[in-house]
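Residue numbers start from 1 in every chain, and the chains themselves are labelled A, B, ... in the order their sequence lines are given, proteins ahead of strands. For the numbers below, each heavy atom of this structure counts, side chains included, while hydrogens, waters and symmetry mates do not.
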Amino acid sequence: MAEPVVVPAGTTAADAVAAAGMPMTGPRAVVVVRDPDGRLRDLSWAPEAEVAVEPVSVDSPDGLNVLRHSTAHVLAQAMQDLHPQAKLGIGPPVENGFYYDFDVPPLHPEDLDKLEARMREIIKSGQRFRRRQFADVAQARAELAGEPYKLDLIDSSGGFEASEVMELGGGGELTVYDNLDPATGEVRWSDLCRGPHLPSTRLIDPRGVKLMRTAAAYWRGSEANPQLQRVYGTAWPTKDGLGSYLRMLEEAARRDHRRLGAELDLFSFPEEIGSGLAVFHPKGGVIRRELEDYSRRRHEDSGYEFVNTPHITKAQLFKTSGHLDWYADGMYPPMQMEGAEYYLKPMNCPFHTLIYRARGRSYRELPLRLFEFGGVYRYEKSGVVHGVTRLRGFTQDDAHIYCTPEQLQDELASLLQFVLDLLRDYGLTEFEAELATRPERFVGKPEEWDVAEAALEQALRRAGLAYRIGEGEGTFYAPKIDVHCRDAIGRSWQLSTMQVDFQTPVRFGLEYQAADGSRQQPYMIHRALFGSIERFFGILTEHYAGAFPAWLAPVQVVGIPIRDDHAGYLSAFVDRLRAERIRAEVDTSGERMQKKIRTAQQQKVPFMAIAGDADVAGGTVSFRYRDGSQRNGVPLDEAVAHVVEVVRSRTNAGPSADLTPEAG
RNA sequence: GCCGCCUUAGCUCAGUCGGUCAGAGCGGUGCUCUCGUAAAGCACAGGUCGUCGGUUCGAUUCCGACAGGCGGCUCCA
């Protein structure tokens, strides 16, 4: 945080910042100030009384938002220069960039080039941003008569969350920013906006700006409204800032699980099966099985019992659960059979609940923890299926826990801890949580919701996990905790969910007999850890960029003979590894050694075991690891023990010669 | 579902302003070659240019529908 500067009454923030000797141009330029109330102000702001403000530089989070917001204005000006009929929507900064929505005919990639060229001209002309307040709504309406969407914003401002709409200030204050020609002071362009903005377009480095793509977006986010053309762009204080952002995008593309899934022969989406339905190939199958097996073991250790349930059911089950009332549109349509309607299941919980109800339950059995890798089918809209992370058929690692009211709190706390521990074992270590509370449409009694929400919040506190509240974002039957994880390149993914459900036990009439002989209703907790196995698989693929830890790698060791006649020696070595259940093979293809190394490297095999005359003579192999490091002349016994140790440790790092302690 | 774009060999992509233009690299197969850590050489095989319909003397090339995909929007129990 920068040192505060004092702005004397009647002078501008810019004067004070300049007098303090802070940069006014360049990659660290101060672009706005924060007043004592925390509000960001233009540098041209002149307070009526002396005030201490915090300078905000363009490379700070707030400064970047200002830069991007101002760049969005430049984009809009460029758009209206090139397409005078374009009507303006909204144009806020977003993570890593900005967008602006326009009512124009659909745009094409060439249009972006033209817009960028015009933006560069505007930026170089050094237009000044001037804040101007409308006297009243009538004046604003008159001036914005040609901008129907801006009028819509003004007319419905009462219904807006002010923080979400950059166009409108708080408290009904309406302001406009004029872009002035620096030489003549003429107004070149104006936009309804609450600001703040850069003092001048000169503060934008055109080499740090790039328009990224066009897309359609509904006006004000509602399907009921017309679609506008959205232009996404990004802006950084410097050319290097843009460069490193573009490199990050390339890195993300390099990690794309759809691409890696094909390159590493993990899974595919045969058109014949249908959109959103994946098949896992043998190598993908190995990874899945390892993921699942480890999860199974951990669940068994933690008192879960495994169940199996069918993929289809008569309609009544989902009528009882309430899902048909809420989610019929998201379910595959019913099949008629023997006079009954059958549905593919979109959820496992009603099935597990029937298992609970299959016989009388005693308080001594609780908590009863039922677990299943349950295949579910959801009719996702055609535009949303995405690789393996958004499928129409997928597998939930779904558990339902039935417990007494007294057990609820401890059960939730230990459950959350269990979830976090297990995610760490798969290599995810950064978590954020969200507590999603009662939505507008819900079932049950508000008092019950309050109890459930309080229990979840308590569990979060006990776990010491940072969380935010998602007001009204719970499901229709339960509030929930969602756990989000950050991957290796900082992207956040929503994974685990825990829901406290008081409704399903009522709907299904669940009971247990308490110690005093009375019949009581259990509480129910829904919990998914990966959410979807397939999606988790995809996320891990991107997290590890396809270089899975040794314990998950589909092929753990490839033996590479230097000459063909070393293959037999390596086969014996590989047999010893296989006896230890290591997934090992010898590359006996007709290629030369260098090519085999390249192939194994591209397949991201954790251990290459190379052998030539020297190794055969010495009874050793030479390891090459994925990171290119080497460990040569390792005696066979030691080599087997080394691989076994790395795999069984389930370490998510390496392997690498640099991480391998010299065996003694 | 909505808007825009895309769909040529297993993969990545050239190409046809409608008429011997169906091509390349990688991958695959075969032969030759193999002595130390990211690509040896040669040859061969592979595509009714997503599917169906229309326009046309003639369509992979133009039009339409459908399917699948990509980027967003919306949605995500």
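Using modelled atom types, no side-chain atom of A/K283 and backbone atom of A/L264 make a donor-acceptor pair closer than 3.5 Å. Here the side chain of A/E372 pairs a donor or acceptor atom with the backbone of A/T309 at under 3.5 angstrom.
To the nearest angstrom, C1' of B/C73 lies 15 Å from NE2 of A/H386. To the nearest angstrom, C1' of B/A77 lies 15 Å from OH of A/Y343. Put simply, CG on A/D101 is 19 Å from P on B/G71, counting in whole angstrom units. Regarding A/W326, its CH2 atom lies at a distance of 17 Å from the C1' atom of B/C76, rounded to whole Å. In this entry the distance linking CG of A/N96 with P of B/G72 reads 13 Å, nearest Å. Atom CG in A/L228 sits about 13 Å away from atom P in B/G4, given to the nearest Å. Between the CG atom of A/L266 and the C1' atom of B/C11 there is a distance of 15 Å, given to the nearest Å. What separates CD of A/Q229 from P of B/C5 is a distance of 10 Å, to the nearest Å.
In this structure, A/R213 does not reach the B/G71 phosphate: none of its side-chain N or O atoms is under 4.0 Å from OP1 or OP2. The side chain of A/Y379 places an N or O atom within less than 4.0 Å of a non-bridging phosphate oxygen (OP1 or OP2) of B/G1. In terms of phosphate contacts, A/K596 brings no side-chain nitrogen or oxygen within less than 4.0 Å of OP1 or OP2 of B/U34. For A/R258, a side-chain nitrogen or oxygen approaches OP1 or OP2 of B/G71 to under 4.0 Å.
Of all nucleotides present, only B/C52 satisfies the Watson-Crick or G-U wobble test against B/G64, with each distance under 3.5 Å. Pairing partner, B/G47: none, since no Watson-Crick or wobble contact has both distances short of 3.5 Å. The nucleotide B/G10 finds its pairing partner in B/C26, both defining distances of the Watson-Crick or G-U wobble pair being shorter than 3.5 Å. Across the strands present, B/A40 finds its partner in B/U32; the criterion is a Watson-Crick or G-U wobble pair with both atom distances under 3.5 angstrom. B/G19: Watson-Crick or G-U partner is B/C57, with both key distances under 3.5 Å. Using N1 to N3 plus N6-O4 or O6-N4 for Watson-Crick, or N1-O2 and O6-N3 for G-U wobble, each under 3.5 Å, B/C2 pairs with B/G72.
A/L266 has its side chain out of reach of A/H281: every pair of non-hydrogen atoms, C-beta onward, lies at least 4.5 Å apart. Annotation: side chain of A/F267 is not in contact with side chain of A/E534 (no heavy-atom distance under 4.5 Å). At least one side-chain heavy atom of A/R631 sits under 4.5 Å from a side-chain heavy atom of A/Y625.
Rounded to a whole angstrom, the distance from the P atom of B/U12 to that of B/U34 is 36 Å. Nucleotides B/U29 and B/G46 have their P atoms positioned 16 Å apart, rounded to a whole Å. Nucleotides B/U48 and B/U60, compared at atom C1', are 10 Å apart to the nearest Å. Taking atom C1' in both B/A14 and B/G1, one finds a spacing of 36 Å when rounded to whole Å. Taking the C1' atom of each, B/C44 and B/G4 are spaced 43 Å apart, rounded to whole Å. Rounded to whole Å, the P atom of B/C17 lies 43 Å from the corresponding atom of B/C31. Taking atom P in both B/G23 and B/A65, the straight-line distance is 33 Å, to the nearest Å. Separation of the C1' atoms belonging to B/C2 and B/G58 is 38 Å when rounded to the nearest angstrom.
If you take CD1 on A/I489 and CD on A/E542, they are separated by 7.5 Å, rounding to the nearest 0.5 Å.
Side-chain atoms of A/R390 come within donor-acceptor range of the base of B/C76, with a qualifying N/O pair under 3.5 Å. Within 3.5 Å, a donor on the side chain of A/Q227 pairs with an acceptor on the base of B/C2, or the reverse.
If you run ring-ring contact (aromatic ring centres under 6.0 Å, His included) between A/H311 and each of A/Y332, A/F351, A/Y342, A/Y377, only A/Y377 comes through.
Contact annotation for A/Q499: backbone-only contact, meaning every heavy-atom pair under 4.0 Å involves sugar-phosphate atoms and none involves a base. As judged by a 4.0 angstrom heavy-atom cut-off over every strand, A/A216 is placed among the base-contacting residues. Using a 4.0 Å heavy-atom cutoff across all strands shown, A/K345 reaches no nucleic acid atom at all. Across all strands shown, A/S275 has heavy atoms under 4.0 Å from sugar-phosphate atoms exclusively, and none from any base. When heavy atoms are screened at a 4.0 angstrom cut-off, A/Y232 is found touching the sugar-phosphate backbone but no base atom.
A salt bridge does not link A/E250 to A/R254: none of the charged nitrogens lies less than 4.0 Å from a carboxylate oxygen. For A/R491 and A/E251, the salt-bridge test fails: no basic side-chain N is under 4.0 Å from an acidic carboxylate O.
Closest to the A/P346 side chain, of the nucleotides B/G72, B/A77, B/G1, is B/A77. Taking the side chain of A/M347 as heavy atoms from C-beta on, and the options B/A77, B/G1, B/G71, the nearest nucleotide is B/A77. Considering only side-chain atoms of A/Y477, the nucleotide from B/A77, B/C73, B/C3 that sits closest is B/A77.
Between A/L107 and A/Q396, it is A/L107 whose nearest contact on RNA chain B lies nearer the 5' terminus.
With its glycosidic angle more than 90° from 0, B/G23 adopts the anti conformation.
Inspection of the A/D613 and A/H566 side chains reveals an N or O donor paired with an N or O acceptor under 3.5 Å.
For the pair A/R535 and A/W493, the NZ or CZ position fails the cation-pi test of under 6.0 Å to the six-membered ring centre and within 45 degrees of the ring normal.
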Reading nucleotides 35-51 of chain B 5' to 3', which nucleotides get B (base under 4.0 Å from a protein heavy atom), which S (sugar-phosphate only), which -?
-> BBBBBB-----------

